[in-house]
Amino acid sequence: MQPSIPPSPISPPLAGARAYPAGGLAFPHRDLTGIGLLARHEILFLLDEAEQWVELNRQSQKRAGLLSGLTIINAFFENSTRTLLSFEIAGKRLGADVVNMHAATSSVKKGETLIDTAMTLNAMRADAIVIRHASSGAVRLIAGKVDCPVLNAGDGQHEHPTQALLDALTIRQALHLPRGSDLNGLIVTICGDILHSRVARSNILSLTALGAVVRVCAPPALMPAEIEAMGVTVFHDFDAALKGANVVMMLRLQQERMQGQFIPSPREYRHLYGLTLDRLARAEPDALVMHPGPMNRGVEIDSQVADHPTRSLITHQVECGVAIRMACLDVLTRRARGVAGWESQPSSPAGAAYGAPA
Ligand code: MLT
């Protein structure tokens, strides 16, 4: 069941305003390695492109043949369920041949370097490569070595751009905001392991670019130093961070990235930073709840909140994830497919000539 959503607290886009340039100038990048390299209008362009795929995915016939004949390789060097599946479904819905490479069963286990793996994937003439890797910056490194578009499916603590895009689309849809809308004035509280979370980082970049007021909340040990420079307000008291929030985004404790003890115990963490129904009452009366998954129920979020029929957007996030990944795969392969208006050369894969960040 989709939540019934309160009226939007934010203003609609200016009537007749042109959100982004025409043709390939709307997205002049070869790769999608991070939100930090995108201008506001480029984020809006991808969100708008994804709307058609949300609609298609709700039909019984879900197939579009746009990418027929193309090969997409999902190279996942780190575990994933929803992101891998979502990219796989997205590629297949667009008609591409999709191949998944799992690091656990690949030559990486035999000591092959990342660059050698990249060269191998390149020699197979993939038309797009989707990469998840435990090291921040690994995706950028591979993008500089291959000839096709590269999409970042999460690199270490750095970025998870399609997660931030799907989150923005989910919010926009939940608030019934039309295409072209930004999130100006919306108060979003992100709570959890901000220090280790690439989801937090990409969301801060995207939400602030779209005009949202972003609050981050975590115990001091899980808050990056000088994060205020990203345009957010820092809280250590979750109750205070919730006051007036329109959206509450909860994050998992990233145990796999922690070296040492960052919290006294999961029980104490839940007591101070877990989202319960009682605590949610401190936010705006209709505040919406999000979580990128996987969730640790009873730690950062209670089941009553996660499964709330009108407040939780968690399954809607998964739905928007497929649509966003379809939009990204379509847009990034347009030049290679010779789509009219998309002939111009994209920016350097090495990143030197990328458009100015928002
Ligand atoms: C990620 O890959 O970062 C996930 O989507 C969020 C998480 O693992 O907590």
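We count ligands from 1, going down the list as the structure has it; atoms in each ligand are counted the same way. Any value given below was found using the heavy atoms of this structure, including those in side chains, with hydrogens, waters and symmetry copies removed.
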Check your understanding: With no hydrogens and no angle check, do the side chains of S202 and E159 hold a donor and an acceptor under 3.5 Å apart?
Key -> yes
**Study point:** Neighbour count >12 (heavy atoms, 6.0 Å) for atom CG, D239
**Key:** yes
Revision key, fill the gap. shortest atom 2 (O) of ligand 1-to-protein heavy-atom contact is with R198 NH2, 2.8 Å
Point to revise | Contact atoms of ligand 1, heavy-atom distance to V199 under 4.0 Å | key: 3 (O), 6 (C)
Review point. Does even one non-hydrogen atom of R132 get within less than 4.0 Å of ligand 1?
Key: yes
Check your understanding: Quick check: are there more than 12 heavy atoms from other residues, nucleotides or ligands sitting under 6.0 Å from NZ of K243?
Key -> no
Check your understanding: If you measure from the Lys or Arg side-chain nitrogens to the Asp or Glu carboxylate oxygens, is any gap between D330 and R337 under 4.0 Å?
Key -> yes
Revision key, fill the gap. Atom 8 (O) of ligand 1: of Q157, E78, R252, H160, the nearest heavy atom sits on R252
Check your understanding: Taking the non-hydrogen atoms of P294, is any one of them nearer than 4.0 angstrom to ligand 1?
Key -> yes
Check your understanding: What atoms of ligand 1 come closer than 4.0 angstrom to any heavy atom of Q254?
Key -> 7 (C), 8 (O), 9 (O)
Point to revise | For atom 4 (C) of ligand 1, the option (of G293, G321, G156) bearing the nearest heavy atom | key: G293
Check your understanding: Which value, rounded to the nearest 0.5 Å, describes the distance between N203 atom CG and S197 atom OG?
Key -> 8.0 Å
Practice item. Would you name the heavy atoms of S86 and R325 that are closest together and state the gap between them? Key: OG-NH1, 2.9 Å
